[in-house]
Number of protein chains: 4
Amino acid sequence: MKAKSKKAASRRAPVQERSQLTVEAILDTVIKLLKRRGASSITTNRIAEAAGVSIGSLYQYFPNKRAIFVALHERHIAQVDRIMERRMAESAESTLEELISSLIDGMIEAHATDPELSALLQAEVPHRADGTRDFSVRLHGAFRKALAPHAREFGSRTDLDMRAFFVSNMIDALGHAIVLRRPSGSSLSRARAELLRAILAYLGQNGSSPLPGLGVS
Amino acid sequence: MKAKSKKAASRRAPVQERSQLTVEAILDTVIKLLKRRGASSITTNRIAEAAGVSIGSLYQYFPNKRAIFVALHERHIAQVDRIMERRMAESAESTLEELISSLIDGMIEAHATDPELSALLQAEVPHRADGTRDFSVRLHGAFRKALAPHAREFGSRTDLDMRAFFVSNMIDALGHAIVLRRPSGSSLSRARAELLRAILAYLGQNGSSPLPGLGVS
Amino acid sequence: MKAKSKKAASRRAPVQERSQLTVEAILDTVIKLLKRRGASSITTNRIAEAAGVSIGSLYQYFPNKRAIFVALHERHIAQVDRIMERRMAESAESTLEELISSLIDGMIEAHATDPELSALLQAEVPHRADGTRDFSVRLHGAFRKALAPHAREFGSRTDLDMRAFFVSNMIDALGHAIVLRRPSGSSLSRARAELLRAILAYLGQNGSSPLPGLGVS
Amino acid sequence: MKAKSKKAASRRAPVQERSQLTVEAILDTVIKLLKRRGASSITTNRIAEAAGVSIGSLYQYFPNKRAIFVALHERHIAQVDRIMERRMAESAESTLEELISSLIDGMIEAHATDPELSALLQAEVPHRADGTRDFSVRLHGAFRKALAPHAREFGSRTDLDMRAFFVSNMIDALGHAIVLRRPSGSSLSRARAELLRAILAYLGQNGSSPLPGLGVS
DNA sequence: CATGAATGAGTGTTCATTCAT
DNA sequence: AATGAATGAACACTCATTCAT
């Protein structure tokens, strides 16, 4: 699930650190402008000004405007990545149900933090289709591993693959949906429970047995 | 599910028709340019030229550039709408399973026709968040009606609402996903069957009994 | 010596004509700015404003800034071309001396009209080396033809070629020099006579006899 | 013929020397960039980087960008100057023919070393008209002195002046021309001989006597 | 002296939109 | 209605130059 891992050597770089701070400041500013005025009115000069950086400096950190949006998407994805990765690590010893439950919460955590931003990023900020795909793909891969121990329950290898695909997409898409569009009048926790139920039902194989001891180990 | 219902006044038809044709031609051109060069290089002048229309005429049909994109999204949604509406009408007498099966096929039909376009519209062409929401909302409403006859099986009214929300989102999001991103090596029909199974399992209530009376058999 | 010969079909083009006028106006403006402020302070917006044309229109006629300078050079060369070509045509029946005399006057006419411009074009306005070369090459070719009838006087074909090369370069470079840098205190006509003498002496073969009957015929 | 004579104060030498080396390195880099990318893409930052000097240091040696180009032209002219000056000194006892022959060789030596650079400096690198003029003027002055002993052969003082002007310009312009544009198929030495012949013929005064004993003394 | 991050005025260029024909 | 030349505000981006370290 690691996106890029540009872990800075701890003491190596006051310069690097300041760079990183500036980059973060710029991206945060873009988010602010995105919410305040919408994507179409964002200009590089406005970003620079609002971020308290000279336009020249902005171009020292980003080669062009598109790169700023790309970085914004990447940072967002990396944040989700980090959350999900942590949860997967934590659930290493848990049952499958616990794992899925945790990942749903992760998804909710990731998107409920700033639902407006999530929506804007998807609807207004152009992003080569790969960005989203990458995330899906990583989540899919993670699930393939998580479900592998139970492979014999899912007929063939293709079955496992498909199952992982569905589960990852359900968590992603439905997690997204319940945060952003859940029917008015229903609580998030209620929706969360429903999502868990949906996934478990799907994995329940013909509704037969209720996942006896599906540890992730 | 009707998007706008611009029922043409019967006698103004000839004019309206030419207008309609021009509008269609323009939107088709936008799609072509979108695929060929990407959204960021689309300009109104280029659209007009590629569509064989003068820039002046283009502005006779669209008040500004954004309106073109809006119209494109609307047309796309309307197409999906039409397909789904037809299928819902056709399945008025069918079992729930048949309805869902049909709607899944509708979703696939809608997106498999031009997956590239679907992806582009979502990733590159800006669309106020409402566009997507509108569609979801309509599908949701439709499902509320479709599931209503079985209301007593789903405890409260809130339950029904939630159930409809999940089913509509699963059809939308997972239908989308299996067309655009399904794991290589798996067939669309296989994925389609899996999606149906997932939804039915979800509606199967705890995976226990098979929806007594709901025709799911 | 023909540069491009885009002689407009006489009635074909009111549009073309206006275009041509605008282009000329722009180039004239560039010259004015060149003289007034120097090449380094010329901007496309300033050109447009000074020419009374919108910047957008300017870019309808020239794809970029460099093209403006290229066009300016080309126009200048074309003017010299035209003058020289006319003189060569007029001297078809004259002696070689008369031809050379006429071409010297042509060169002077060409550069004396606006010596400042000539100097600026050469010193400040960037021009791919070919521009100048082209002119030299055409003049060289012209002289090869002019001297051909006297080929037997100049040993081999290489000799003729070399002779034509020297004469064309003397007319070009020295004609240029006497207009722009001739020693203060000497008249142009005096310098002109000296140039003629220099060329004739050069062609006089060892300075021996005074060009016996070198008619161009 | 001395261009500037920045005779280094003997004791500041080490510093001066390093400075001088840096300046030379910068100018050499400019030439490299000039050849590689063309004048229009040269920036001070690129120069500094390619020269392995910090941009700050570059500005320690040159007050602004223009100064770099000026220095480049001056260095080039100084090189030619040096060559020509040496040759004039060496030919102090020679005949006029020998002097001229030597200066032609000097001109060839100067430009044949790096013809591409010569062309670039003239065509792409902006230079106030004075730069070229200066050189011409100095060569002109030198010739005035060289021809002075034979003043009585050239009628008036004005005559002498004019003669010196023509000879210096012929050496300059035609020397340049034979190096850079001589007709394909002719050797440089052949062209060199032709240039000498042209100048001698010009000085031959009506083609009469062949310059009896025109020492420069 | 050296450095190179930072600056920001200014540039070339685009492109949505208008409007006279 | 249709046209498309013209517009010019606005944009992304550059680059000569400075100055704190």
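In what follows, chains are A, B, ... by sequence order, proteins preceding strands, each numbered from 1. Scope of the values below: all heavy atoms of this structure, side chains included, with no hydrogens, waters or symmetry mates. Note that the coordinates shown come from a computational prediction; the quantities given were computed from them, not determined experimentally.
- In this structure, CD of C:Gln60 is placed 14 Å from C1' of E:dA16, rounded to the nearest angstrom.
- Closest of all the heavy-atom pairs between C:Tyr59 and C:Asn64 is CE2-CA, 4.0 Å.
- What you find for D:Thr44 and D:Leu58 is that their closest heavy atoms are O-CD1, 3.8 Å.
- The two residues A:Ser41 and A:Arg37 make their nearest non-hydrogen contact at OG-CB, 3.0 Å.
- Here the shortest heavy-atom pairing between B:Ala71 and B:Phe62 reads CB-CE2, 3.7 Å.
- Residues of residues 26-38 of chain D having a heavy atom closer than 4.0 Å to DNA chain F: none are found.
- Atoms CG (A:Leu58) and C1' (E:dA5) sit 14 Å apart, rounded to a whole Å.
- Between the CZ atom of C:Phe62 and the P atom of E:dT11 there is a distance of 19 Å, given to the nearest Å.
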- Note on the structure: With B for base contact, S for sugar-phosphate-only contact and - for none (protein heavy atoms under 4.0 Å), nucleotides 16-21 of chain F reads BBB---

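- Within the 4.0 angstrom heavy-atom criterion, only backbone atoms of the sugar-phosphate kind lie near C:Tyr61; the bases stay farther away.
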- Query: Run the side chain to side chain contact (heavy atoms under 4.5 Å, CB included) check on D:His127 and D:Leu121 step by step: do they pass?
  - Reply: CA-CA 8 Å; D:His127 50 102; D:Leu121 285 178; over 6 Å; no

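- In summary, of the residues considered (C:Leu27, C:Leu21, C:Ile26), a side chain to side chain contact (heavy atoms under 4.5 Å, CB included) with C:Val23 occurs for C:Leu27 alone.
- Between the side chains of C:Ser57 and C:Ser54, at least one donor N or O lies within less than 3.5 Å of an accepting N or O.
- Positionally, the nearest nucleotide of DNA chain F for B:Thr22 lies more toward the 5' end than for the other of C:Ser54 and B:Thr22.
- Looking only at side-chain heavy atoms (C-beta outward), A:Arg75 and A:Asp28 come within less than 4.5 Å of each other.
- Checking the phosphate oxygens (OP1, OP2) of F:dT7, a side-chain nitrogen or oxygen of C:Ser57 falls inside 4.0 Å.
- In this structure, the side chain of B:Glu124 engages the main chain of B:Ala39 through a donor-acceptor pair within 3.5 Å.
- Paired regions of DNA chain E, where each region holds three or more successive Watson-Crick or G-U pairs whose two hydrogen-bonding distances fall under 3.5 Å, are E:2-21 with F:2-21.
- Atom CZ of A:Phe69 is separated from atom P of F:dC11 by 12 Å (rounded to the nearest Å).
- Between the side chain of D:Lys32 and the main chain of D:Ala51, no donor-acceptor pair closer than 3.5 Å is present.
- Between the CD atom of D:Glu49 and the P atom of E:dA2 there is a distance of 18 Å, given to the nearest Å.
- Between D:Asp114 and the choices D:His76, D:Lys35, D:Gln79, the side-chain hydrogen bond (donor to acceptor under 3.5 Å, both in side chains) rule is met once, by D:Lys35.
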